[in-house]
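Worth saying up front: this structure is predicted, and the values here are computed from it rather than measured. Below, chains carry the letters A, B, ... as their sequence lines are ordered, and counting in each starts from 1. Worth knowing before you read on, the calculation uses all heavy atoms, side chains too, and leaves out hydrogens, waters and symmetry mates.
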Protein chains: 4
Amino acid sequence: MKRNKPKYMQIIDAAVIVIAENGYHQAQVSKIAKTAGVADGTIYLYFKNKEDILVSLFEEKMGSFVERLETEITEIPNAADKLYRLVKLHFENLASDYHLAIVTQLELRQSNKELRYRINDVLKGYLGVIDHIVKTGMTSGEFRTDLDVRLARQMIFGTIDETITSWVMNEQKYNLTHLIEPVHQLLINGCGYSHSKQ
Amino acid sequence: MKRNKPKYMQIIDAAVIVIAENGYHQAQVSKIAKTAGVADGTIYLYFKNKEDILVSLFEEKMGSFVERLETEITEIPNAADKLYRLVKLHFENLASDYHLAIVTQLELRQSNKELRYRINDVLKGYLGVIDHIVKTGMTSGEFRTDLDVRLARQMIFGTIDETITSWVMNEQKYNLTHLIEPVHQLLINGCGYSHSKQ
Amino acid sequence: MKRNKPKYMQIIDAAVIVIAENGYHQAQVSKIAKTAGVADGTIYLYFKNKEDILVSLFEEKMGSFVERLETEITEIPNAADKLYRLVKLHFENLASDYHLAIVTQLELRQSNKELRYRINDVLKGYLGVIDHIVKTGMTSGEFRTDLDVRLARQMIFGTIDETITSWVMNEQKYNLTHLIEPVHQLLINGCGYSHSKQ
Amino acid sequence: MKRNKPKYMQIIDAAVIVIAENGYHQAQVSKIAKTAGVADGTIYLYFKNKEDILVSLFEEKMGSFVERLETEITEIPNAADKLYRLVKLHFENLASDYHLAIVTQLELRQSNKELRYRINDVLKGYLGVIDHIVKTGMTSGEFRTDLDVRLARQMIFGTIDETITSWVMNEQKYNLTHLIEPVHQLLINGCGYSHSKQ
DNA sequence: GATGAATGAGCTTTCATTCAT
DNA sequence: GATGAATGAAAGCTCATTCAT
């Protein structure tokens, strides 16, 4: 398991810092190697190429997050609380890692189309959790039964993502975790029974 | 007015096609010039540099869209219908232009941080329209009065954006315009009075 | 005679200013045209190509100077006074034309080898005047008779040229015309009878 | 010490040859690399950019020459002999290196203003040696005591430089070292007591 | 004669990747 | 396994020159 070798995570962590601080296009392999304290060539003993660093970075960081998410969500019975936990974990996760937030919300999106498809593969685990929550809510009667699961997922993910990106682009001037509650409320409303203009 | 010069739009249109089909980093200036039917140097009579093509492209396409949006929205009295028109116009706009959808949802996001700030300036007109709708709805009683306008805007924009991106990444296998109605419903629910688990 | 057409000198004068103020490599044809108040294409009605502007510039400015020099020198009987007049005219000529001094001493030397050979052709008239003075001096007994005319000429020209270049590179902080007298003395000594360590 | 790395001098030497044979503006980096037997990119491991090759070239070649000059001059007691040694070393140095003579006398002067200021810095060491000789001569009574040191230096340097340039532009058809003696005589006369028209 | 929009050849520099040690 | 010097392909941009009007 390559992730057990110390230099593997060393390089991943260096990549997060270098990309966050220099931007995607200024994150040369040599700069990552220097920050990681290894020689340029050593990178290629652990990663196929530069793109592989990026995908691995996302897999490691997002992967461990999704694992934890799944564990915690399972233990919660109703959909609304599951969703609350998801928003909370997601916001807290990025609020606590300055560099990672910049990388996932801004820099990694500058990658080419192919890389973004591969990143999307990693995201599927996360989106699956959302789908699971939506279906739970529809079954339990918490959510409308005529919801389109895919659309509900896109609303949930889109809202969360847009909120975090906006926070990052505002240079994190306000406290992201304060938005957990109101964002959750918005999403719950979106999935629940419509009563506007009652 | 440079947009009246025929070659200006000729180059913009060529850029949309070339970027959509090759990706931003494979869209060499020479390729755009060839597609536009002009010499490489001619590009630089109309654009400061390659990045300027991208910004101008976005300003032209998004700018005229927002103008039309503002005109149409003004004539509609209530917030829910205004929002419906916004979703409809946005979805139809991109559903009818295959190449443009790819460029705005995927390729334009590969630009560097500075460029993204400039793109954000253009987006501000669009986000202003959303804000206006939300405020109208809160005043008229259609929407909850405790809405955070910024969050509501992020939900609306995030949901729409994520839905379109998802459609583009699925290679437009389904009809985007069929999602106007359900997406609108989701958004109205999100902004309206909460009655889940009534 | 093309130099009688007004635009011809207009372009030459513009070239002197543009080259002096922007440097040789930043003196684009379009910039010269703009300063001269003509269209880019018009340049090519009067000059074969860009290099031709430079050669013509030098011919015009140096040519008229040498003409005047020859006239004045002829009227002076002895070599020392001829030489004095040469130094005086040369120094005064450049001291009174800020732009021309920069162009001839610094910028024009950045031209390529071929151009410099052509410039040298123009210089030959000037060097011929120096030769004439040296020979006069040797005949009249003012100068040593064992002088190598070519070397004497190189000393005279080299000293004058180096003095002016040094003055230009010091941004003309001191008065060049004050050096007429001492430079003349140095040159006269160089050509006269040796009595060092008398 | 980068000049100890073999490729550093390899590239410098290749640059001298390529620039001498093609001219500065036709001396593409790729041509220099090819002549040096290295890849294009290797150039940039040793030099900041193309201009830096030129400056380094001059620093290496002129620097070591000035060092040698200073050592030899110090050991000579009187000014006239010091000056003789200076002329001799300078002439012999360039007479023995065909390519270097072309580069220093013609091609190096095509550089832009900024570069020329840097070259001038290197030259300062050389000019300092001349100043030292002039002052020695004035103190010892060999030279006139009313000499302006700066002007004397300009005469000496200007004469030497012009003589070499003239020899280079005549395609080195005659033997430069034969001019050591007469040029020295001219310079000594210039600095010595005036007796023209005795 | 005069214009100026259009042309397109040409070159420096970067940086991911390799491989001899 | 680790190194880092060397590689070389690749592309944005400039600007002298042309030519249809």
Side-chain angles (χ1 to χ4, degrees), chain A residues 2 5-8 11 25-34 36-54, chain B residues 2 5-8 10-11 25-34 36-53, chain C residues 2 5-8 10-11 25-34 36-54, chain D residues 5-8 10-11 25-34 36-53:
Chain A
K2 63 182 174 181
K5 304 198 180 174
K7 298 209 170 161
Y8 178 78
I11 293 166
H25 289 293
Q26 281 307 303
Q28 293 89 344
V29 172
S30 62
K31 218 178 259 175
I32 295 174
K34 197 173 187 179
V38 300
D40 293 16
T42 306
I43 300 271
Y44 292 86
L45 297 175
Y46 294 91
F47 301 92
K48 217 167 85 261
N49 50 35
K50 187 182 176 181
E51 195 172 84
D52 191 33
I53 307 177
L54 300 175
Chain B
K2 63 184 175 179
K5 302 196 182 176
K7 302 223 161 148
Y8 178 77
Q10 213 168 307
I11 293 165
H25 289 294
Q26 280 309 303
Q28 293 89 342
V29 172
S30 61
K31 221 179 260 175
I32 295 173
K34 199 172 185 178
V38 300
D40 292 19
T42 305
I43 301 270
Y44 293 89
L45 295 177
Y46 295 91
F47 302 91
K48 219 168 80 262
N49 50 38
K50 187 181 174 181
E51 195 172 83
D52 189 35
I53 306 177
Chain C
K2 62 184 174 180
K5 304 197 181 177
K7 297 209 170 158
Y8 178 78
Q10 215 168 308
I11 293 166
H25 289 294
Q26 281 307 303
Q28 294 88 344
V29 172
S30 61
K31 219 178 257 174
I32 296 173
K34 198 172 185 180
V38 301
D40 293 18
T42 305
I43 300 270
Y44 292 87
L45 297 175
Y46 294 90
F47 301 91
K48 215 168 84 261
N49 50 37
K50 186 181 177 181
E51 194 172 84
D52 191 32
I53 307 176
L54 302 174
Chain D
K5 301 196 181 176
K7 303 224 161 145
Y8 178 78
Q10 212 167 310
I11 293 165
H25 289 293
Q26 279 308 304
Q28 293 90 343
V29 172
S30 61
K31 219 178 261 177
I32 295 173
K34 198 172 187 180
V38 301
D40 292 17
T42 305
I43 301 270
Y44 292 87
L45 295 177
Y46 295 90
F47 302 91
K48 217 169 80 261
N49 49 38
K50 187 181 173 180
E51 195 172 82
D52 189 35
I53 305 178

Checklist outcome for this item: A correct dot-bracket answer for DNA chain E, with pairs being Watson-Crick or G-U at under 3.5 Å, [ ] for crossing pairs and | for inter-strand pairs, is .||||||||||||||||||||
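Under 4.0 angstrom from either OP1 or OP2 of dA6(F) there lies no side-chain N or O belonging to T42(D). In this structure, K31(A) does not reach the dC15(E) phosphate: none of its side-chain N or O atoms is under 4.0 Å from OP1 or OP2. Between K7(A) and dA2(F) there is a side-chain polar atom (N or O) within less than 4.0 angstrom of OP1 or OP2.
Heavy atoms only, all atoms of each residue included: K31(A) and Q26(A) are closest at NZ-O, 3.0 Å. Closest of all the heavy-atom pairs between I32(D) and I11(D) is CG2-O, 4.0 Å.
With rounding to the nearest 0.5 Å, the separation of CD1 in I43(C) from CG in D52(C) is 11.0 Å. Here K50(B) contributes atom NZ and Q28(B) contributes atom CD; the two are 6.5 Å apart, rounded to the nearest 0.5 Å.
Counting only heavy atoms from C-beta outward, the side chains of H25(D) and H25(C) approach each other to under 4.5 Å.
Rounded to whole Å, the distance from CG on D52(A) to P on dA16(E) is 14 Å. Between the CZ atom of F47(B) and the C1' atom of dA6(E) there is a distance of 15 Å, rounded to whole Å. Atom CD1 of I53(C) is separated from atom C1' of dT17(F) by 11 Å (rounded to the nearest Å). We find that NZ of K34(A) is positioned 14 Å from P of dT3(F), with the value rounded to whole Å. At whole-Å resolution of the value, CD1 in I32(A) and C1' in dT17(E) are 14 Å apart. Atom CD1 of I43(B) is separated from atom P of dA11(F) by 15 Å (rounded to the nearest Å). For the pair L54(C) CG and dA16(F) P, the computed distance is 10 Å after rounding to whole Å.
Judged by closest nucleotide on DNA chain F, G41(D) is the one of K48(B) and G41(D) placed further toward the 5' end.
Classification of the Y8(D)-Y46(D) ring pair by plane angle, with boundaries at 30° and 60°, yields tilted.
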Tabulate atom names and distances for all N/O pairs under 3.5 angstrom spanning the protein and nucleotides 10-12 of chain E.
{"unit_1": "dC11(E)", "atom_1": "OP1", "unit_2": "Q28(D)", "atom_2": "NE2", "d": "2.7"}
{"unit_1": "dT12(E)", "atom_1": "OP1", "unit_2": "K50(D)", "atom_2": "NZ", "d": "3.0"}
{"unit_1": "dT12(E)", "atom_1": "OP2", "unit_2": "V29(D)", "atom_2": "N", "d": "3.2"}

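Among the nucleotides dA2(F), dT3(F), dA6(E), the one closest to the side chain of Y46(A) is dA2(F).
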